[in-house]
Amino acid sequence: MTRTIWLDQDAPTVHVEQSVTNVGTVDTPFLWGHHPTFPAIPGAQVDVPIGAAVSVEPATPGDLTSTDFSWPLARNRTGAQIDVSFLPHEPGVRLLYLHKLTAGWTALRNPPGADSPGVAISWDVAAHPFLWLWLQNGDPGFPWFGRARMIGLEPQRAWPFDGLAGAVSRGQAVVVAPGQTVHSWLTMTLLSSELPEITHVDREGRISHG
C-alpha cells in the first residue's frame, strides 16, 4: 500500500491518494475505509447528498428507535421525529450507515462561535460507496466514561460493521487480482462558520450551495 498526502498551496485543503497492489499469487479481498474524526459540537449540522438512505447499527442506536429511514428524519424513544443532521446536546453514542449515495461527499458545519472549524470531505465513491456516521457524544459508558465528544465522518467500503468475512459474503469487499493495483482518493477542506447548507463538494475541496 502507498499513501500520498499533500496540502493545497492556496486553500486549507488536504489531499490523500492511496493505492494497493497485490504482490501475491491469488485473488485477495480486503476492506478499505477512512476514519476521520472531529469534535462533536452541539448544534453543528451534517450535510450529505440528497436521497441518502440510512440504516441504524442495532448495537449502538443511541436514542433512535428507527431502524431504516431517509436522511435526515428519524424517530426517537419518545416517538418524536428528530433531525439527525443536527448534533444533539444529550449524551449518547450511535452509528448510522448511509447508503444509496449519489456522490461521495459530506460536510460538517459548526455553529457560530465554535472553537473548531467545520470540514468538508469528498472521496472516490466507487472505492468507498458508503458513509458511516459515528457519534460519541459524551456517553457515560466504557471506554471514555463521558469524557469524549466526537463525530466520525467515515467513507467506507462496506456495511454493517461485521468484518471482512461479512463483507465478502455480501460482495462488498475489494478483490485484488495478482499483480493488480487499485486506487482511491479523499480530500478534506476546513470550513468557516455560518455557512449555508452545502450541496456538493468536489475532488478539489470546492464547495457548492443551493
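Each residue takes its place number in the sequence, starting with 1.
To the nearest 0.5 angstrom, Leu98 atom CG is 10.5 Å from Leu153 atom CG.
Here His35 and Trp132 keep their ring centres 6.0 angstrom or further from each other. The aromatic ring centres of His34 and Trp123 sit 6.0 Å or more apart. When ring centroids are compared, His99 and Trp159 come within the 6.0 Å threshold.
Inter-residue side-chain proximity for Ile41 and Ser116 is flagged as met; some heavy-atom pair is nearer than 4.5 Å. Thr28 has its side chain out of reach of Val175: every pair of non-hydrogen atoms, C-beta onward, lies at least 4.5 Å apart. You'll find the side chain of Ile151 stays beyond 4.5 Å of the side chain of Trp134, heavy atoms only. Val46 has its side chain within reach of Thr106: a pair of non-hydrogen atoms, C-beta onward, lies under 4.5 Å apart. Contact annotation: the side chain of Glu204 never approaches that of Thr13 to less than 4.5 Å [non-hydrogen atoms, C-beta and beyond]. The shortest side-chain heavy-atom distance between Arg109 and Ser192 does not fall under the 4.5 Å cut-off. Proximity of Val84 to Arg94: side-chain heavy atoms (C-beta onward) are separated by under 4.5 Å at one or more points. The shortest side-chain heavy-atom distance between Arg170 and Asp162 falls under the 4.5 Å cut-off.
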Applying side-chain contact (heavy atoms from CB on, under 4.5 Å) to Leu73 and Ser70, what does each step give before you reach the verdict?
CA-CA 7 Å; Leu73 300 178; Ser70 296; over 6 Å; no
From CA spacing to verdict: side-chain contact (heavy atoms from CB on, under 4.5 Å), Thr102, Val125:
CA-CA 8 Å; Thr102 57; Val125 74; over 6 Å; no
Determine whether Asp124 and Leu186 satisfy the following criterion, side-chain contact (heavy atoms from CB on, under 4.5 Å), listing intermediate values before the conclusion.
CA-CA 7 Å; Asp124 180 357; Leu186 178 140; over 6 Å; no
Should Trp185 and His15 be marked as a ring-ring contact (aromatic ring centres under 6.0 Å, His included) after you check the CA-CA gap, both sets of side-chain angles, and the distance that decides it?
CA-CA 8 Å; Trp185 58 268; His15 301 268; 9.0 Å; no
Would His209 and Glu197 count as a side-chain contact (heavy atoms from CB on, under 4.5 Å) here? Give the steps.
CA-CA 6 Å; His209 306 282; Glu197 180 182 5; 6.0 Å; no
Run the salt bridge (Lys or Arg N to Asp or Glu O under 4.0 Å) test on Asp63 and Arg75 for me, step by step, so that the C-alpha distance in whole Å, both residues' side-chain angles and the decisive distance to 0.1 Å come before the verdict.
CA-CA 9 Å; Asp63 63 342; Arg75 295 283 177 184; over 6 Å; no
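Between the side chain of Asn22 and the backbone N or O of Val26 there is at least one donor-acceptor pair closer than 3.5 Å. In this structure a side-chain-to-backbone donor-acceptor pair under 3.5 Å is present from Asn137 to Glu90. Using a distance-only test at 3.5 Å, with no hydrogens or angles considered, a donor-acceptor pair links the side chain of His128 to the main chain of Trp32. Remark: the backbone N or O of Ala40 is not paired with any side-chain donor or acceptor of Arg149 at under 3.5 angstrom. Looking at Ser55, its side chain never comes within 3.5 Å of a backbone N or O of Asp68 through a donor-acceptor pair. Side-chain N or O atoms of Ser122 include none that pairs as donor or acceptor with a backbone N or O of Ala120 at under 3.5 Å. Asn110 contributes no side-chain N or O that, together with a main-chain N or O of Ala114, makes up a donor-acceptor pair within less than 3.5 Å. Using a distance-only test at 3.5 Å, with no hydrogens or angles considered, a donor-acceptor pair links the side chain of Asp202 to the main chain of Arg206. The closest donor-acceptor contact from the side chain of Ser85 to the backbone of Pro72 lies at 3.5 Å or more, if one exists at all.
Under the side chain to side chain contact (heavy atoms under 4.5 Å, CB included) test applied with Trp105, the options Thr187, Ile121, Asp47 reduce to a single match, Asp47. Screening Gln156, Glu57, Glu154 for a side chain to side chain donor-acceptor pair (under 3.5 Å) involving Tyr97 leaves a single residue, Glu57.
Residues Val16 and Leu7 fall within the same hydrophobic cluster, defined by Ile, Leu, Val, Met, Phe, Trp and Tyr side chains chained together at heavy-atom separations under 4.5 Å. In terms of hydrophobic clustering, with Ile, Leu, Val, Met, Phe, Trp and Tyr side chains grouped at heavy-atom distances under 4.5 Å, Val56 and Leu131 are assigned to a common cluster. Clustering ILVMFWY residues whenever any of their side-chain heavy atoms sit less than 4.5 angstrom apart, transitively, puts Met150 in the very cluster that holds Leu95. Residues Leu133 and Leu191 are members of separate hydrophobic clusters, defined by side-chain heavy-atom contacts under 4.5 angstrom among Ile, Leu, Val, Met, Phe, Trp and Tyr. One hydrophobic cluster, built from ILVMFWY side chains closer than 4.5 Å, cannot hold both Val201 and Phe130; they sit in different ones.
Nearest heavy-atom pair, Leu108 versus Pro39, reported as atom, atom and distance to 0.1 Å: CD2-O, 4.2 Å. Contact record, Arg77 with Thr65: CA-CG2, 3.6 Å, taken as the closest heavy-atom pair. Across every non-hydrogen atom of Ala173 and Val168, the tightest pair is CB-CG2, 3.9 Å. Closest non-hydrogen pair, Leu64 versus Ala74, comes out as CD2-CB, 4.2 Å. For Ala52 against Leu101, the heavy-atom pair with the smallest separation is CB-CD2, 3.9 Å. When all heavy atoms of Ala126 and Arg157 are compared, the pair lying nearest together is O-NH1, 3.0 Å.
Ring planes of Phe142 and Phe145: perpendicular class, angle over 60° (limits at 30 and 60°).
Other residues, nucleotides and ligands contribute at most 12 non-hydrogen atoms within 6.0 Å of the CZ atom of Phe161. Within 6.0 Å of CD1 in Ile5 there are more than 12 heavy atoms belonging to other residues, nucleotides or ligands.
The existence of a salt bridge linking Arg147 and Asp139 is excluded, since no basic side-chain nitrogen approaches an acidic carboxylate oxygen closer than 4.0 Å. For the pair Glu17 and Arg203, the salt-bridge criterion is met [side-chain N within less than 4.0 Å of a carboxylate O].
No hydrogens or angles considered: a donor-acceptor pair under 3.5 Å links the side chains of Ser19 and Thr2.
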